[in-house]
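Position 1 is the first residue of the sequence, and the numbers go up from there.
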Amino acid sequence: MTSTPAVAVEADIAGVAAAIGDPSRTRVLLALAGGQALPASALAAEAGVAASTISGHLSKLLDAKLLTVERDGRHRFYRLATPDVARILEQLSLLAQPIPVSTLRRSTRAEALLRARLCYDHLAGRLGVAVMSALIDRGVLVDQGGTLPDTPSARTPYENGAGAEYLLSPVGAVLLTDLGVRVTGPRRAVRYCVDWAEGKPHLAGQLGGALADRLFDLGWIRRGTSRRVVHVTEEGTRGLHDTLGLKDP
């Protein structure tokens, strides 16, 4: 008598949660949330574990489909499996309690992350929120109905269809194209994340990634020494003011 193959009727949320739930593995995922691929040695340092134990953590994250591995000769580099992993981390941060900061170094890094950081390939933190707000104010993004959370108490992980829905306007497509941003379509729906620290949206998806790439190319922003941290350059301060009206980016 042959057995009938099991049919999955529910997602294994517990399995993913268990993979993320270990503090060392969470630090690995956060280290990769800026979109870069890193070797195991760098991830061990980020996680605060010995090089001899990081392989076990990486195996669990690979089994949970949260990471992928790339081989370059004898070397292996790990990155997040998809941008959705970074968005999930951002959304979980909306629910999580803040970890107390006990040292000046961690306090400085925490403030830098709050000010400007990468959420996979797009801008987050106060800078990311300010950029999206400016795009809305200038008519680059057109509201198609609904409302966005505008207070910290309304911190809900909205996505397209669950809150305001924005489209890139024809005028906005011209403005961004003139800036050198690769725009795939003027009426394409725009994705956004609700920033876990600000409780307001920052631009995500293809457009968010293309805009961040262009700001790097222009030298308006640069990566910090800490993972995911972004700094606005003097040229960027002027450029963001002139193009988007940001007063203190």
Side-chain angles (χ1 to χ4, degrees), residues 11-72 75-102 105-106 109-125 127-128 155 157-159 191-199 201-205 208-209 212 223-230:
D12 184 15
I13 297 174
V16 174
I20 296 175
D22 180 90
S24 296
R25 291 195 288 275
T26 299
R27 287 192 287 270
V28 167
L29 293 172
L30 290 174
L32 295 169
Q36 291 179 303
L38 296 174
S41 57
L43 293 172
E46 290 286 337
V49 300
S52 58
T53 61
I54 191 64
S55 59
H57 291 298
L58 294 174
S59 293
K60 286 183 170 61
L61 293 171
L62 288 167
D63 290 342
K65 310 299 184 187
L66 296 172
L67 297 186
T68 58
V69 60
E70 304 167 355
R71 291 173 174 81
D72 182 9
H75 303 286
R76 293 184 175 188
F77 294 86
Y78 298 84
R79 68 166 66 248
L80 297 187
T82 69
D84 286 332
V85 179
R87 281 193 284 272
I88 288 169
L89 293 173
E90 192 81 5
Q91 291 172 7
L92 286 174
S93 297
L94 290 167
L95 304 175
Q97 295 299 311
I99 298 174
V101 177
S102 57
R105 179 180 179 183
R106 289 189 176 184
R109 182 175 185 271
E111 175 55 34
L113 286 169
L114 293 175
R115 185 168 54 249
R117 66 183 182 279
L118 288 175
C119 177
Y120 197 71
D121 61 351
H122 56 269
L123 291 174
L127 176 62
R155 291 181 179 180
Y158 284 78
E159 285 286 345
R191 297 192 71 177
Y192 58 84
C193 302
V194 173
D195 195 271
W196 65 265
E198 296 295 300
H202 61 244
L203 188 62
R223 291 181 181 271
T225 54
S226 298
R227 307 287 182 198
R228 296 192 295 151
V229 169
V230 171

To the nearest 0.5 Å, what is the distance between [atom1] ([X]) and [atom2] ([Y])?
| X | Y | atom1 | atom2 | answer |
| --- | --- | --- | --- | --- |
| L58 | L66 | CG | CG | 11.5 Å |
| S41 | I54 | OG | CD1 | 9.5 Å |
| L32 | R228 | CG | CZ | 10.0 Å |
| S93 | I88 | OG | CD1 | 11.5 Å |
| Y192 | H122 | OH | NE2 | 13.0 Å |
| R227 | R109 | CZ | CZ | 9.0 Å |

Within the 4.5 Å heavy-atom criterion, are [X] and [Y] side-chain neighbours or not?
| X | Y | result |
| --- | --- | --- |
| L67 | H57 | no |
| V28 | E46 | no |
| L118 | L123 | yes |
| D63 | K60 | no |

For [X] and [Y], work out which heavy atoms get closest and say how close.
| X | Y | value |
| --- | --- | --- |
| S52 | S55 | O-OG, 4.1 Å |
| A204 | C193 | CB-SG, 3.8 Å |
| T68 | A81 | CG2-CA, 3.8 Å |
| A124 | C119 | CB-CB, 3.9 Å |
| L38 | A31 | CD1-O, 4.0 Å |
| R25 | A18 | NH2-O, 3.3 Å |

Could you give me the CA-CA distance, side-chain angles and deciding distance for R87 and D84, then say whether salt bridge (charged side-chain N to carboxylate O under 4.0 Å, His left out) is met? CA-CA 5 Å; R87 281 193 284 272; D84 286 332; 2.5 Å; yes

Between E90 and W196 (side chain of the first, backbone of the second, donor and acceptor by atom type, cut-off under 3.5 Å), is there such a pair? yes

Could you tell me whether D12 and K65 have a side-chain N and a carboxylate O separated by less than 4.0 Å? no

